[in-house]
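Read through the structure below, which is laid out as structure tokens, and then see the notes.
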Amino acid sequence: MSKIFALAGVVIKELYRRKDFYVLFVLTALLTLGAGMVNFFHDDKIVRYVKDICLLLIWVSALVISVVTTARQIPAEREARTIFPLLAKPVSRAQVIVGKFLGCWLATGVALVVFYFFFAVVTGSKEHFWPWAAYLEAVWMHWVMLGVVIAMVLLGSIYFAAPSSTSTITIIVVGGILLLGTHLKIIALQQPEPMQFILTLGYFVMPHLEWYDLRDFVVYDMGLVPVRAVALATLYAAVWTGIFLVLAWLGFRRKNLTT
Amino acid sequence: MTAILQTQKLRVEYRSRDFRQGNKIALNGLDLEVHAGEVFGFLGPNGAGKTTTMNVLLGFVPPSSGGASLFGIDVRQPIARQRIGYLPELTYYYKFLTAEELLRFYAKIFGLTRAETDKRIAELLKLVELEHAAKRPIKSYSKGMQQRVGLAQSLINNPDLLILDEPTSGLDPLGRMKVREIIQRLKEQGKTVFFSSHELGEVEAICDRVAILDQGDLKAIGTVAEVSAGSANLEQAFLKIVGYQPSSAS
């Protein structure tokens with residue numbers, strides 16, 4: 001495990017020494033503060049709009065950070081040839097994959113905590129109400145969902161040489177799942193065969209990332225999601241993360257790194 | 001004598017991108033043994049198969065047939081690399097890390113304790129004369145300094161076998177002398193050094209045995225005196241072995 005943590009540590013150091021996170025955080029902070037200061041139509045419920053905007057920005061920023069950071073890990077190691085001194089040590093390719101995943105996931109987790117804390121401070125200062133348990137649940141579900149995304153990006157980065165290709169494809173796929181995931185089954189029922197079968201199959205075989213979106217629970221103070229549902233969702237995400245990581249390892253194991 | 005690095009009928013074929021050309025044979029049944037405590041020079045013109053051999057030994061490239069082992073362990077097992085140090089031809093390290101952080105990272109990979117790591121880092125930074133720059137990011141280093149960091153990382157685990165791919169390539173005369181001194185010191189400590197080089201004078205000065213490879217075939221192996229027999233020096237012997245024909249003056 002110490003090898004995996006060592007690899008993860010380098011990923012985290014890279015993230016906080018680059019400017020990506022700071023730029024996105026400052027942007028999110030400025031937009032949220034700007035939205036929070038304007039009092040549209042003297043509406044008392046304005047805080048809901050602020051929450052909605054802020055959470056949307058957090059989701060976009062966290063997705064960009066996780067995808068961009070992960071997509072460059074393996075290609076950058078290959079391009080800078082740092083992969084060779086690394087693999088010349090007693091470290092397996094499976095450990096490299098898991099170490100990279102863990103580093104990206106932990107780094108994204110730190111970013112999420114910073115974003116949500118800022119969110120709690122801004123919205124709490126307006127409504128003088130801090131539902132910490134709901135926030136904690138939202139952060140956890142968001143982080144677990146990003147675990148699946150990070151594993152998916154790692155898999156993509158084994159096959160696509162350019163990080164930009166991996167990032168673009170993943171953002172489109174994740175965006176598509178988040179926007180259409182819930183509706184896909186309904187859309188399928190309205191289609192003729194064989195489209196109905198294809199869309200239904202797609203609904204059942206895709207990772208349902210939209211289940212992890214608890215923004216409405218936070219914005220409309222809908223209370224907590226039952227712990228059992230959170231646990232099951234976590235297990236579901238762990239299975240998908242595992243599948244993507246195994247596929248990434250299978251690809252990386254056979255990859256000729258010298259060409 | 002114990003062979004700590006061994007290849008048996010090692011063959012590596014690359015599939016050509018152009019299907020009309022067929023497969024390219026990078027190594028053709030290489031049999032090699034390097035014994036404990038010797039400094040072994042691995043020579044050959046560009047494209048001879050030196051780097052491919054090293055890539056197989058380090059587990060980067062799987063052999064098409066035959067095998068290779070380090071300390072009797074198949075090179076495909078990561079544990080085979082527990083007692084080796086590797087310095088690539090050109091220096092490639094995480095530029096956002098400092099030399100100290102880089103060495104600490106590799107020490108963790110080898111499972112060194114904190115106390116061992118601290119001691120080893122202090123020794124190595126002194127050896128490669130980088131104590132003053134230990135806390136500066138590697139991106140701010142000169143080429144020579146980066147090569148010295150490379151040498152330090154290859155020694156972090158106090159390896160019994162050091163694999164160096166053209167260690168003095170691109171260095172100024174002072175840097176070359178420094179690397180040569182370090183190799184000599186390691187030899188005195190009883191370490192085994194396996195290195196490729198185009199600097200035949202350097203090889204002649206420090207190697208116990210050499211092997212000459214050409215187009216994937218092992219052409220000669222033995223002590224420097226054995227390989228140079230019948231020629232003025234190692235360079236002349238090398239040119240003769242690889243079939244160099246001097247162009248006649250017009």
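All chains are named by letter (A, B, ...) in the order of the sequence lines, taking the proteins before the strands, and each is independently numbered beginning at 1.
When each of B:K108, B:E101, B:R104 is scored by its heavy-atom pairs under 4.5 Å with chain A, the top score falls to B:E101. Interface check for chain A: of the options B:T51, B:I84, B:L97, the most heavy-atom pairs under 4.5 Å are formed by B:L97. No other option in A:G9, A:P90, A:A76 has as many heavy-atom pairs under 4.5 Å with chain B as A:P90. Residue with the most contacts toward chain B among A:K13, A:K3, A:R81: A:R81 (heavy-atom pairs, distance under 4.5 Å).
Ring-centre distance between A:F84 and B:Y86: not below the 6.0 Å cut-off. A distance of 6.0 Å or more separates the ring centres of A:F244 and A:F101.
Neither the backbone nor the side chain of B:Q77 comes within less than 4.5 Å of any heavy atom in chain A. With a threshold of 4.5 angstrom between heavy atoms, A:L7 approaches chain B through its backbone and through its side chain. Heavy atoms of A:E77 lying under 4.5 Å from chain B belong exclusively to its side chain. In this structure, the portion of A:R17 lying under 4.5 Å from any heavy atom of chain B is its side chain and not its backbone.
Using a 4.5 Å heavy-atom cutoff, the side chains of B:F110 and B:Q82 are in contact. Contact check for B:F96 versus A:V10: side-chain heavy atoms found under the 4.5 Å cut-off.
Here B:E123 pairs with B:R120 in a salt bridge; the nearest charged N to carboxylate O distance falls below 4.0 Å.
Side-chain atoms of A:Q73 and A:K100 form a donor-acceptor pair, as typed in the model, at a separation below 3.5 Å.
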